[in-house]
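Below is one structure, written out as structure tokens; the observations come after it.
Just so you know, these numbers come straight off a predicted model, no measurement behind them. So that the names make sense, note that chain A is the first sequence line, chain B the second, and so on, each numbered from 1.
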Amino acid sequence: MARQSRQADASRIKSILTALQRTYPRAHCELRYSNPLELLIATILSAQCTDARVNEVTRTLFQRYRTAADYAEAPLSELEEAIRPTGFYRNKARNIQACCRALVEKHGGQVPRTMEELTALDGVGRKTANVVLGNAFGINEGIVVDTHVRRVAQRLGLTRQTNPDKIEQELMQQVPRDLWTQFSHWLIWHGRRRCYARKPDCPHCELRQWCPSAGKV
DNA sequence: CTCCCGATAT
DNA sequence: ATATCAGGAG
């Protein structure tokens, strides 16, 4: 089975989008936050860590640190202790502090709203930038490609790429722009609730009928 | 490519 | 024991 027609691919992605919409009508960002800075910090902390654990840490973290200046001025060791349970805590603390110092010095303490400015910050790549732009600012700049999106997109046959930037490009070509942020949430929710990394629940999968990997993983 | 970090599931 | 968890930098 090499490759079917372009038209068949377009029809298939439409069916998949419809099924995702029907299955996860309430899909949203599950990191807890109440402003762009909090979402930026939470997303940096979320690397290789469950969102549940991030939310546990930020519940107290966000009471203690409220502005970019608070993170910028904090003793690094204190910040490390506060975020330790999320793992990679030395890198993350250093990145958060450098990031917040740049916010204070170059952006008036505010979180910038462009991909270029966001990815210039320490510890912020396209994935984190897309989360902030899409969820805090409602800007569909790109598609969030995290571990769930990569796995689900590959299993669905929406991409054969392994590089996150290339995966994002291919997905952006197939999904209407106004759905980019929602699409990211749909795949992340599906990855967490059905399409598990180790043992996907194909028998109960709502996308089974369009998935070339169904029952084969 | 490796490293950073540790809890949890299999 | 090993893979995985809302990655990014060197």
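Atom pair A:Ile83:CD1 and B:dC5:P shows a separation of 9 Å (rounding to whole Å applied). Note: CZ (A:Arg150) to P (C:dT4) measures 9 Å, nearest angstrom. In this structure, A:Asp165 places its CG atom 10 Å from P of C:dG8, rounding to the nearest Å. Atom CD in A:Glu80 sits roughly 15 Å away from atom C1' in B:dG6 (whole-Å rounding). In this entry the distance linking CG of A:Asp122 with C1' of C:dG10 reads 13 Å, nearest Å. One can place CG of A:Asn163 at 16 Å from P of C:dG7, the figure rounded to the nearest angstrom. One interatomic measurement links the two molecules: CG of A:Leu45 to P of B:dC5, which rounds to 13 Å at whole-angstrom precision. The CD-C1' distance, from A:Glu30 to C:dC5, rounds to 14 Å in whole Å.
A:Leu187 comes within 4.0 angstrom of nothing in the nucleic acid, heavy atoms only. Within the 4.0 angstrom heavy-atom criterion, only backbone atoms of the sugar-phosphate kind lie near A:Arg151; the bases stay farther away. Contact annotation for A:Thr128: backbone-only contact, meaning every heavy-atom pair under 4.0 Å involves sugar-phosphate atoms and none involves a base. Within 4.0 Å (heavy atoms only), A:Val54 reaches no atom of the nucleic acid at all.
Between the side-chain ring of A:Phe88 and the base of B:dC4, a stacking contact exists by the 5.5 Å and 30° definition.
Under a 4.0 Å N-O distance rule, the pair A:Glu38/A:Arg59 does not qualify as a salt bridge. Looking at A:Asp122 and A:Arg94, no side-chain N of the basic residue comes within less than 4.0 Å of a carboxylate O on the acidic one, giving no salt bridge.
Closest to the side chain of A:Arg198, out of B:dT10, C:dA6, B:dT8, is B:dT10. Across C:dA6, C:dC5, B:dC5, the shortest atom-to-atom separation from the side chain of A:Lys127 is found for C:dA6.
Aromatic ring orientation, A:Tyr65 versus A:Tyr71: parallel (interplanar angle below 30°, classes split at 30° and 60°).
Within the 4.0 Å cut-off from OP1 or OP2 of B:dC5, at least one side-chain nitrogen or oxygen of A:Arg90 is found. Distances shorter than 4.0 Å separate some side-chain N or O of A:Thr147 from OP1 or OP2 on C:dC5.
With P as the reference atom, C:dA6 and B:dC3 are 24 Å apart, rounded to whole Å. Taking atom P in both C:dT4 and B:dT2, the straight-line distance is 16 Å, to the nearest Å. Here the separation of C:dG8 from B:dA7, taken at their P atoms, is 23 Å to the nearest Å.
Taking the six-membered ring for Trp and the full ring otherwise, A:His148 and A:Trp189 have centroids separated by 6.0 Å or more.
Taken together through direct or relayed side-chain contacts under 4.5 Å among Ile, Leu, Val, Met, Phe, Trp and Tyr, A:Ile13 and A:Trp186 form part of one hydrophobic cluster.
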